[in-house]
Amino acid sequence: MMQQKKMNNPENENDDHGEVFLDESDILQEINVDDEDLPDVDDEEGASEAEMADEPDDSMHIFTGHTDELYSVACSPTDALLVATGGGDDKGFLWKIGQGDWAFELQGHKDSVSSLAYSSDGQLLASGSFDGVIQIWDTSTGDLKCVLDGPGDGIEWVRWHPRGHLVLAGSQDSTVWMWNADKGTYLNMFQGHSSTVTCGEFTPDGKTICTGSDDASLIIWNPKTGDNIHAVRGYPYHTEGITSLAISPDSSLALTGSKNGSVHIVNISTGRVVTSLVSHTDSIECLAFAPSSPWAATGSMDKKLIIWDLQHSSPRCTGEHEDGVTCLTWLGETRFIATGCADGKVRIWDCLSGDCVRTFSGHSDVIQGLSISANKDYLVSVSLDGTARVFEIAEYQ
């Protein structure tokens with residue numbers, strides 16, 4: 001509450017050395033002022049910069065080689081320090097945790113590097129781009145091994161066969177392609193979707209391929225023949241585009257999420273929807289089966305991480321975020337899971353208690369990807385702020 005000051009009266013000038021005292025009877029008008037209406041000392045931009053300066057930076061290494069937003073990250077499965085990142089500057093980089101002056105630039109793409117994946121033996125790295133091309137790199141030298149093309153539009157994702165040098169990629173042109181990376185040769189094209197193939201995986205046993213599309217269908221394929229084994233679409237499956245896909249460790253189940261928040265589990269061998277996980281109210285951005293327990297995790301733009309008890313198809317705990325959950329990864333075979341959020345924070349959750357046990361600050365924009373180092377000591381995040389940051393997570397093993 002502000003009080004209007006009484007003006008100096010010359011008659012009072014001799015009293016008390018000219019000081020004017022106000023009492024209740026002197027109040028002419030009361031004006032209620034909302035704090036939000038008061039002008040800030042700084043302009044809004046300055047204030048946000050000041051707020052950012054106050055935020056702690058919990059990262060132990062920052063990679064700043066990119067000049068645009070970052071979209072993808074992959075840690076080597078064999079070298080605990082080797083990381084690959086890709087972004088909107090049409091570049092990928094290979095760099096090492098804690099070695100700020102060591103980096104190989106992965107040149108040659110003509111559009112954003114949207115996806116990165118290491119072969120299971122760590123020898124090769126695939127980089128996929130919205131230019132429709134996949135490049136294969138020798139991780140020991142940083143040399144370009146071969147260029148794989150064919151798709152008529154941008155690459156949405158790349159995956160490796162769990163035991164060999166076969167590369168699988170999904171495209172915005174509704175096709176899926178497979179190549180032999182050692183020979184640089186085309187092996188198969190999988191046609192059956194009618195829109196962007198947004199996600200795809202080899203089953204862990206390597207015998208089957210599952211792909212999800214913006215056309216709301218899941219297709220299960222024979223990798224050798226290219227045949228469509230099952231096409232899962234229509235009731236009781238998704239009614240809007242599929243955004244994310246995960247395969248259970250025993251290769252029996254496919255978990256899918258869609259734009260409208262629906263989550264379904266499909267039996268891969270029969271093609272039947274076996275259960276629906278109902279709780280989210282907005283787009284599913286990420287999901288994963290737990291490596292060693294009958295749980296699954298889903299993250300949504302409704303600001304929730306939900307850990308599901310698959311034996312009862314019910315939520316066992318929910319992690320509330322400040323903004324949409326954009327990515328997640330289990331911390332090995334532990335009870336901990338990491339989430340990346342649109343608020344720029346990376347959080348560690350204990351899935352037994354449901355508690356957030358750590359919040360990592362440092363990024364100033366949406367987290368786009370998370371990856372864990374081979375020794376499980378480091379968590380690497382990439383953000384629209386143009387940086388990759390490394391956080392220490394050894395205590396959660």
Side-chain angles (χ1 to χ4, degrees), residues 157 159 162 168 170 176 190 192-193 197-223 228-302 304-319 325-330 333 335 337 339 349 351 354:
W157 49 270
R159 295 290 185 273
L168 190 70
V176 180
F190 305 85
H193 290 295
V197 187
T198 53
C199 46
E201 299 281 352
F202 283 101
T203 51
D205 62 14
K207 295 177 181 176
T208 312
I209 291 168
C210 298
T211 57
S213 167
D214 207 31
D215 65 10
S217 73
L218 172 76
I219 299 183
I220 299 162
W221 311 87
N222 180 326
N228 168 334
I229 303 170
H230 300 292
V232 188
R233 55 170 67 95
Y235 183 82
Y237 201 50
H238 298 290
T239 56
E240 290 192 27
I242 294 174
T243 56
S244 42
L245 163 73
I247 312 287
S248 61
D250 66 1
S251 301
S252 68
L253 302 173
L255 174 70
T256 52
S258 89
K259 287 179 175 177
N260 66 359
S262 63
V263 180
H264 297 294
I265 295 180
V266 172
N267 181 308
I268 292 172
S269 62
T270 66
R272 299 198 172 181
V273 178
V274 293
T275 191
S276 300
L277 306 180
V278 182
S279 184
H280 287 293
T281 57
D282 205 341
S283 176
I284 306 297
E285 296 297 303
C286 47
L287 43 73
F289 284 97
S292 60
S293 53
W295 300 343
T298 53
S300 166
M301 292 311 289
D302 66 9
K304 290 182 171 67
L305 162 74
I306 298 181
I307 306 300
W308 299 87
D309 176 346
L310 297 179
Q311 292 171 326
H312 301 95
S313 299
S314 61
R316 67 179 320 279
C317 58
T318 300
V325 182
T326 52
C327 47
L328 58 79
T329 183
W330 291 94
E333 297 193 357
R335 67 181 193 270
I337 193 168
T339 56
W349 302 84
C351 299

What's the spacing between [X] [atom1] and [Y] [atom2] if we round to 0.5 Å?
X      : Y      : atom1 : atom2 : answer
Leu253 : Thr275 : CG    : OG1   : 10.0 Å
Ser251 : Glu201 : OG    : CD    : 11.0 Å
Thr318 : Ile306 : OG1   : CD1   : 4.5 Å
Leu310 : Ser293 : CG    : OG    : 8.5 Å
Phe289 : Ile247 : CZ    : CD1   : 7.5 Å
Ile337 : Ile307 : CD1   : CD1   : 4.5 Å

ask   = Will you find, in the side chains of Thr239 and Asn260, an N or O donor that is under 3.5 Å from an N or O acceptor?
value = yes
query = Strictly by modelled atom types, are Ser258 and Thr243 linked by a side-chain donor-acceptor pair under 3.5 Å?
reply =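 Per modelled atom types, Ser258 and Thr243 side chains form no pair under 3.5 Å.
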request  = Kindly confirm or rule out a cation-pi arrangement of Arg316 over Trp308, judged by NZ or CZ under 6.0 Å from the six-membered ring centre and within 45° of its axis?
outcome  = no
Looking at every heavy atom in both [X] and [Y], which two are closest together, and how far apart are they?
X      : Y      : value
Leu305 : Ala297 : CD1-CB, 4.1 Å
Gly271 : Val232 : O-CG2, 3.5 Å
Ile242 : Thr198 : O-OG1, 2.5 Å
Thr203 : Pro162 : O-CG, 3.7 Å
Gly212 : Leu245 : N-CD2, 4.5 Å
Gly200 : Arg159 : O-CG, 3.4 Å

Side chain to side chain donor-acceptor pair (under 3.5 Å) between Trp221 and Thr208, worked out = CA-CA 6 Å; Trp221 311 87; Thr208 312; over 6 Å; no
ask   = Is any side-chain N of the basic residue among Lys304 and Asp282 closer than 4.0 Å to the acidic one's carboxylate O?
value = no
inquiry  = Below 30° counts as parallel, above 60° as perpendicular, anything between as tilted: where do the rings of Tyr237 and His264 land?
reply    =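 Aromatic pair Tyr237/His264 classed tilted.
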inquiry  = Looking at Ser283 and Glu285, would you say the former's side chain and the latter's main chain have a donor-acceptor pair under 3.5 Å?
reply    = no
